[in-house]
Structure formats: structure tokens, C-alpha cells
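Protein chains get the first letters and strands the later ones, always in sequence-line order, with residue 1 at the start of each. Values in this document were obtained by computation on a predicted structure and should not be read as measured data.
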2 protein chains.
Amino acid sequence: MAHIPAAERRDALVQAALRVVAEGGVGAATTRAIAAEAGMPLASFHYVFDSRDDLMAHLVTFVVGQEEAAILPEPIVGSDLQEVISAGLWRYADLLRADPLREQAMLELTHYALRSADMADLARRQYEHYFSLAASALTSAATHLGLVWDRPVDEVARILVALTDGMTISWLVDRDDAALSDIISFAAESVARFARTPERAHRDEDDVTRTT
Amino acid sequence: MAHIPAAERRDALVQAALRVVAEGGVGAATTRAIAAEAGMPLASFHYVFDSRDDLMAHLVTFVVGQEEAAILPEPIVGSDLQEVISAGLWRYADLLRADPLREQAMLELTHYALRSADMADLARRQYEHYFSLAASALTSAATHLGLVWDRPVDEVARILVALTDGMTISWLVDRDDAALSDIISFAAESVARFARTPERAHRDEDDVTRTT
DNA sequence: GTCTATAAAATGATAGAC
DNA sequence: GTCTATCATTTTATAGAC
């Protein structure tokens, strides 16, 4: 058959692997299934990847970049912080509802990565990336509205990511759109309370930042 | 060897399977690995279970009951609702830190169940069970303190479960105890705001009780 | 470089001796 | 009822023809 650059084959196989994982879970991602999904003979798989684990590591790395591209097409603007956060969460929620299997695959890949000594670090980086994305969105939103965060923005970002993961699992399990809406409302309202106008000096009447 | 009642073998295999999943993930839960962990020959596996899927279904059912026993040993009392919720979440967090692989296994089993047409319903029941446990804890806490929930307690329970799942994943990924503490503080404070004293008549300025 | 054919290992499931 | 030995399939990985 035609000659295809190795880099191109690698990309095609990684993307095929994501589709296979989305369709049938990590367990369904056999070398044969992936090669077939990519329309290649099995041997092409091992020509560009050392092993199945090699590809899986590349897959985890790949999906992190994908998530960024999907979630941050452009910054959200609005006049109310709660509204802005809500809109951002809804954008993710729409993504989730449009392609549930993909988000399910993302979570499964995180768990898969955590099981391997080598890939566990990839999972950590994946989440650091999420935190960073959330923090940057929160910072930009607050700045735009002339607000400052009451707590370190990294901390607020973490909470937002946790809420997102939680609502994702919840919705994946029962597909309850009303409940999804409830969680988004709660998250937006609760997280927005961490921002204040900078005019008002920071009160440290309740310094509950750390109880460890 | 000695005769062992079938029911006993089934229990032993299910518990062995949970240990294997905790140790190496769902992918590591082969029939051989499970039988070996239970100290039985492979044939005993198929003597009491029709197939691997048969056991996995029983495993998912089993872990739901386990989670209940672990989380609800006795109701938590206190003088402040936020404190009570925080204490409840800390009890779960301690469980998580004491046996991280077990909670990781729980999440993986949920994803595994969602992949199978038959078991997807088990996952739904699993979460309905979680919601119900959370709702009952929230009701009892509020009642104890003479408070009523501003929103349907089922809705608040869902949010609490989502927060729990989110903080679990977050901690499993980076094992950051300080971040865990932050999320618990946030959750307790934010969720507690949904409760009010019943003396004050229910205002229906924002009647958002049900959007189903 | 590409692909068919096959080796090597792992896995689900069972037969049949005891 | 229990367990060893084995089958049948699947899967990872590679050899070797083109």
C-alpha cells in the first residue's frame, strides 16, 4: 500500500484508540481493535509503537491537549460572575451530553494511567493541566469583572475541577439533565461566593484556609 | 480438599476479586488471578459462577453494601450543621486515605458496569443507593439541629455525592491532603447554606424546588 | 516500508480422574 | 464436590515474503 509517514500513522492510531476506548472502554482497546479502527494491518501498529502500553501512554498525553482545545475555544464574558461560571460549566456540560462516551473514556484513561507506575505521572500532569485551565479561566473572569478571589485561585480551581468530575460521573450514571442543572447552579453560586470587590479590604475574621 | 458450601465459595471469590481489582485494576481481574487470590483452583471459579461477567456483576452488587457499612457506622452529631457535614466528609476522607486502592476500585467498577448493558442498571442502583444514604444523613443532621432544607434533600444529596466523587478522583491523582481539606471545607460550607431555621417561613421568592 | 502468516503467551471455560 | 490437565480463543508481538 501507499507509504504513510510514521508520525501520521502514530496520530491515526492514537485517534483510533480513543474511539475504541470511547466505544468499548479501556478493556476493548486491544491492538487488533485499534489497528482495525485505523484501517491498518496489525503489523503497522508495532511498526510505529513498541507495545500496547507505549500507545496507551501516548493516548493519555493526547487527550489532555484535546480537552484543552474543546473547553477553551474562547473566553466567556458576562456581567455577573455566577453567570460566567455557570456558562462555562454549561459549555462543558453540552460537550458531555454531545459525546458522553468520550468523557467516559477520559475518566477511564485517568484510572488506567493511575495503575501504571510510569503513567501515573501522566495522570498527575493531566490534572495539573485541568487545574491550570480552570485557574486561568477563573482569573480572567474575575479580572474582567473587577473582582478578586478571596482564596488562592488555584484552590478555587481545584474545587471547580472536582465539581466538574463529580457532575460528570453523576450524569454518566443516570443521564439526569435536571440534576446536572442543579449541580451547575450550586457550583456557580458556591464558587462565585469566593470572589469579592477589591475595594473592600480582605477580612481575615474566618481564616479557615488550612485545617491539615 | 475439604467441602466448602457454595455460598461460602462465592463470597470468598467476590472478596478476592475486590482485592485483585483494588491491587491491579479491573483489567487485572482475570479468572485465574481471582481464584489464586482466593486460594482456590481455577475450576472452583466456574463451579460457582457461570462466567467472569457473572462474578463481576456480583462484585458490583457486593461493593454497594460494603460502602454503606463503611460510611454509616453511626450518625454524626454536633451543634453546627457545617461541622456535621464536614465531619461526615472527613470520615469518608479517612476511609479514602486508609485504603485508596479500594476507592479507586469502586470508581473503576462503576465505569466497568456502565460499559455493559446488563450491569449499567447496577451502576444506576449503586448511585441511587449513594444518594439515598446521603439524603438520609442530611435529613437526620438537619432534624437533629432543628433545621429544614431549603431545596429538596434529594437534590442536596446528589450534590454532596458529586462533591465526594470529585474530591476522591482529585486526591487519588495527586494525594494532596491540603487540597482535600480545602474541598471538604468548601463542600461543608456551601452545602450547609441550603439549610434554614423553620421558624422563618419558607419564602417562595425563588421556588426552585423541582425542575424535573 | 508494508503486510501476511505465525509464533508465544494469556485467558475463559471444561472434561474427566479421583 | 474437588481439582488437575487440557482445550479453544484471544491477544501481544514478530518473522519473513514482497
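- Using a 4.0 Å cut-off, no side-chain N or O of T31(B) falls inside it from OP1 or OP2 of dT11(C).
- Taking a 4.0 Å limit (strictly below) on heavy-atom distances, residues 32-48 of chain B reaches DNA chain D at R32(B), P41(B), A43(B), S44(B), Y47(B).
- Under the 6.0 Å distance and 45° angle rule, R9(A) does not count as a cation-pi partner of Y47(A).
- Without hydrogens or angle criteria, W171(B) side chain to A179(B) main chain gives no donor-acceptor distance under 3.5 Å.
- Side-chain nitrogen and oxygen atoms of R9(B) include none within less than 4.0 Å of the OP1 or OP2 phosphate oxygen of dG1(D).
- Residues L172(B) and P100(B) share a closest heavy-atom pair of CD2-O, 3.6 Å.
- Of the residues listed (L13(A), V63(A), I34(A)), the one engaging L18(A) in a side chain to side chain contact (heavy atoms under 4.5 Å, CB included) is V63(A), and it is the only one.
- The separation between L13(A) atom CG and dA13(D) atom P is 14 Å, rounded to whole Å.
- For the segment residues 50-57 of chain A, the set of residues with a heavy atom within less than 4.0 Å of an atom of DNA chain D comprises S51(A), R52(A), in numerical order.
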For a quick test of your reading: what N or O donor-acceptor pairs under 3.5 Å do the side chains of residues 104-111 of chain A make, sequence neighbours left out?
unit_1: E108(A); atom_1: OE1; unit_2: V26(A); atom_2: N; d: 3.3
unit_1: E108(A); atom_1: OE2; unit_2: R115(B); atom_2: NE; d: 2.8
unit_1: E108(A); atom_1: OE2; unit_2: R115(B); atom_2: NH2; d: 3.0
unit_1: T110(A); atom_1: OG1; unit_2: M106(A); atom_2: O; d: 3.1
unit_1: T110(A); atom_1: OG1; unit_2: Q126(A); atom_2: OE1; d: 3.2
unit_1: T110(A); atom_1: OG1; unit_2: Q126(A); atom_2: NE2; d: 3.4

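- Between the side chain of S181(B) and the backbone N or O of D177(B), no donor-acceptor pair lies under 3.5 Å.
- Here D94(A) does not pair with R91(A) in a salt bridge; the nearest charged N to carboxylate O distance is not below 4.0 Å.
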